[in-house]
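Contents: one structure, followed by commentary.
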Amino acid sequence: MKRDFFLLAALFCFCLQAPRAQYAVYPASARLAKPAENALFYCLPRNSYRIVVEVEETILERGIYADYAEKLLKLPAIKENSVSYRIKDIKIRTSAHPDPLQVFSLQGTNLPALRLTPDGILLEVNSSERMPPVNRPERKSAGTEHRPVKAVSEIPDLPASGALPVADLNIRQKFDTTVRRHVSDTMTVIEKILRPVVDEKSLAEQARKMADLILKLQESKTELLSGLQEVPYPAGTMEFMYRQMERNERRYLDCFTGTMRKECSVHTFTVTPDDNVYDYPVAFFSPETGIEDIPAEVREKIRHSEEVPDVLLFRLSPLPFAGEQAARFSENNTAKEKDGGFYYRLPRKAVAGILLEGETLAGREVFVSQWGEVLQLPVRERYSIRLDGKSGGLEFFGPIQTQQTATRR
């Protein structure tokens with residue numbers, strides 16, 4: 001009886017001293033002394049950058065009567081057709097992807113709860129809060145759904161006569177007189193025949209006719225606004241007539257002054273930084289030819305040259321960083337034989353800028369996670385960990401806060 005009592009007491013003391021089942025995290029490339037029966041894997045992110053460039057194209061088209069704009073209407077005109085480009089806006093957006101060099105294995109019998117992105121980037125460990133699902137589009141109610149409105153093509157306005165001005169101004173009708181003589185024995189009969197002939201008007205005559213039409217439209221607009229018209233039109237009818245006359249006048253004036261159109265296009269480029277590389281050629285750009293992509297073989301030559309004109313350059317300028325000192329301290333003061341916890345990253349910060357011939361067009365501060373240092377947390381039970389999904393940096397490390405603890409506070 002006494003022997004059994006001592007055995008039970010010894011077993012009880014052993015259970016008190018025995019460590020509780022925990023977990024350990026290893027690099028996926030490590031070779032363990034004891035084969036792992038089961039394991040979970042996660043990775044840290046690395047950053048790439050999407051450079052969105054909005055280019056505005058300005059198209060100048062010469063009017064058909066540009067040479068007569070100053071003489072007939074006293075208006076300046078576009079003398080020749082031209083196309084020019086300018087950079088309207090540049091945005092730098094950071095995105096995160098799994099880093100193939102930072103993959104880790106979680107092993108043990110008492111594994112914590114993990115929250116990862118669909119591609120395996122670790123977000124949270126032992127989360128105490130109910131998080132929304134990842135990458136799930138929000139549902140919209142039936143009343144808030146916006147459907148694209150189909151643009152209705154406009155019917156060109158016609159002058160009051162009902163005919164297009166081109167058909168009315170480009171040709172004119174005149175009559176040629178043909179004289180026929182019929183001679184007989186006693187008398188001579190002279191017959192005059194009028195034949196209509198269609199003749200093309202000269203460019204100067206067409207311009208003068210169009211200028212007269214513009215002046216008449218301006219006079220009609222003045223009469224409509226002053227109330228001198230013979231018929232008292234309703235307000236809605238007057239507004240409609242005035243708007244139509246303005247649009248027709250604008251179309252006729254374009255034949256003299258020319259037209260200017262602006263079109264915008266969006267171009268997207270992606271850059272993934274490498275170690276110790278700070279400048280990345282993105283695209284060719286000039287006001288005369290616009291923006292063009294750079295072939296891969298040409299990009300390598302540009303990267304090693306000092307000055308290349310007409311090149312959009314993505315430059316990363318690193319900011320002061322304390323991660324190297326933290327990594328050195330962790331290396332010197334961590335027992336090698338002790339199992340560690342989750343890995344996280346101290347990301348490097350830099351100023352990302354877009355340059356064109358030495359001038360900075362856009363810039364912002366960004367994280368470059370792959371330039372940072374990877375550190376390891378200690379193993380703690382009932383602890384919650386939260387990492388930033390874009391940089392892999394540590395956002396929270398502390399005891400799990402239950403609802404009772406939150407209520408007491």
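Residues meeting the side chain to side chain contact (heavy atoms under 4.5 Å, CB included) test with D212, sequence neighbours left out: R208. For T270, the side-chain hydrogen bond (donor to acceptor under 3.5 Å, both in side chains) test picks out no residue, with sequence neighbours left out. Judged as a side-chain hydrogen bond (donor to acceptor under 3.5 Å, both in side chains), and not counting sequence neighbours, R46 has no contacts. In this structure, the side-chain hydrogen bond (donor to acceptor under 3.5 Å, both in side chains) partners of K221, at least two apart in sequence or on a different chain, are E249.
When side chains are defined from C-beta on, T58 does not count as touching V83, because their heavy atoms never get closer than 4.5 Å. By the 4.5 Å heavy-atom criterion applied to side chains, T257 and R250 are counted as neighbours.
A pairwise comparison of heavy atoms in T272 and Y280 identifies O-CE2, 4.3 Å as the closest pair.
One finds no salt bridge joining K262 and E57 here, because no Lys/Arg side-chain nitrogen approaches an Asp/Glu carboxylate oxygen to under 4.0 Å. Salt-bridge formation is detected for the pair R345/D99: a Lys NZ or Arg NE/NH1/NH2 atom is positioned less than 4.0 Å from an Asp or Glu carboxylate oxygen. Salt-bridge formation is not detected for the pair R62/E80: no Lys NZ or Arg NE/NH1/NH2 atom is positioned less than 4.0 Å from an Asp or Glu carboxylate oxygen.
A side-chain N or O of Y65 and one of Q206 form a donor-acceptor pair less than 3.5 Å apart. Using a 3.5 Å distance cut-off with no hydrogens or angles, the side chains of N47 and T94 do not pair a donor with an acceptor.
Residues in residues 101-121 take part in these ring pair (Phe, Tyr, Trp, His ring centres under 6.0 Å) pairs, two or more places apart or across chains: Y42-F104, F104-Y343.
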Listed pairs under 3.5 Å, donor-acceptor, residues 312-322 side chains, sequence neighbours left out:
| unit_1 | atom_1 | unit_2 | atom_2 | d |
| --- | --- | --- | --- | --- |
| R315 | NE | D279 | OD1 | 2.8 |
| R315 | NH2 | D279 | OD2 | 3.3 |

